[in-house]
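Worksheet: one structure, shown below.
Indexing begins at 1, ligand by ligand and atom by atom, following the structure's order.
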Amino acid sequence: MAIRHRALDVNLNLNVRGMRPSATVAINERSDRLRREGRQVHKLGLGQSPFPVPEPVVAALRENAHQKDYLPVRGLGALREAVADYHRRQGGLRVGAEDILIGPGSKELMFLLQLVYYGDLVVPTPAWVSYAPQAHIIGRWVRLVPTEKKSGWRLMPDDLERLCSDDPDRPRIVVLNYPSNPTGATYKLEYLRELARVARRHRVVLLSDEIYGELHHRGQHVSIARFYPEGTIVSGGLSKWCGAGGWRLGTFVFPAGLRWLLDAMAAAASETYTATCAPIQYAAVRAFAGGPEIETYLHDARRVLGALGRFCGSRLNYAGVRVIKPMGAFYLFPDFEPMRERLAARGIATGAALCERLLEETGVAILPGSDFGRPAEELTARLAYVDFDGAAALAAVRGLDAHERLDGAWLRRHCSGVVEGVEKLCGWLRA
Ligand code: PLP
């Protein structure tokens, strides 16, 4: 039997040979296994929203459970209209239903985009775990562009200029993700304008992954599509702001000039997944329609995440770790470089070793920067501040005055899994 397996192995596509499940999925499975074995684990590894799906959206799903027909490959007409309307309303984009593609998660749409577009993928690092592996599966060339701590791990317009002027006619998809997974950073308007100017000059396709846009802690997200409308594809979906990762619904917004890409992706989708789950699409119409209940939900979620991110960031900074102030999403990207000598004395010289020992010795699960495209020897990691009961935290914040501060005591009571995890991490560093 073993011999037959070995023989068949040889026929594995070279692009996927040696590939392992995504790091975020793996850390989640490992944390769950440790919990089942009776260990206390602070799950700060997987980036999943702690909040429940807003009640009106759940109600819409319940009402549409009977929807059983295959829907159009590009998405339900009413949903494409609702998504276009949402982007007109929130982002000031001039788009219509014909510019929208719905898919089973934005991750799948990104895969299809890379499949149908023939060109390099440019990924500023640190970056979300799946862009580069998707390119590898398809056999595309990936150009990782390291960013620096001093620029808040952001892509600088000069970096993009340098990259594009070297071989200017090369077709490229440039990924921009903000608020960022894994850093929580976002871009000021002047940088977006400048990046847009460079992108336009070099006619790159900009894949703006704005899946955390609605989770900008002050509700002030601005899409770069405002400044480079003709070349930007805006990626989003229900997974993060609506707490519905498991529902699998993603959205792409295309400029009219890139309709050929939308058409090719729809053709590929029709031969693979056919269409996105029907009841979920009907429910998503309600989510994108917005209204006061959704606004309150988002306002409260942002309030909790903003306070918790600032609290964790300042705890870590106080412990001697360098962390940039998070502006959105639910991530921090601590840099343990100032402690290199002390960590080396404990036999820790890489981000992976740091995360491994931290999990073993304290039960705090975080992921090394190397999973996000950083060098193995760099002492960085991603911390997802999501291990708390989001429904209870939303209920608690609803009873507060608008100006009341969510201080340490409040966070310790309502987000204890995260606060204790960060305190254990700081204690472990001091030990
Ligand atoms: N982009 C980023 C930056 C993410 O963090 C994620 C999920 O973790 C995704 C895209 C994929 O989201 P989905 O496929 O659930 O729409």
Begin with the C-alpha distance, continue with both residues' side-chain angles, and end with the deciding distance and a verdict on salt bridge (Lys or Arg N to Asp or Glu O under 4.0 Å) for D371 and R382.
-> CA-CA 9 Å; D371 284 340; R382 187 197 74 173; over 6 Å; no

So D387 and R35, salt bridge (Lys or Arg N to Asp or Glu O under 4.0 Å) or not? Walk me through it.
-> CA-CA 13 Å; D387 190 0; R35 271 190 183 168; 3.1 Å; yes

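- Side-chain contact between T183 and F372: absent, with no pair of heavy atoms (C-beta onward) separated by less than 4.5 Å.
- A distance limit of 4.0 angstrom between heavy atoms and ligand 1 selects the residues G105, S106, K107, M110, W128, Y131, N177, N181, D209, I211, Y212, S239, K240, R248.
- Classification of the W410-H414 ring pair by plane angle, with boundaries at 30° and 60°, yields tilted.
- In this structure the side chain of E210 never reaches within 4.5 angstrom of the side chain of H87, judged on heavy atoms.
- Using a 4.5 Å cut-off on side-chain heavy atoms (C-beta onward), R303 and H299 make contact.
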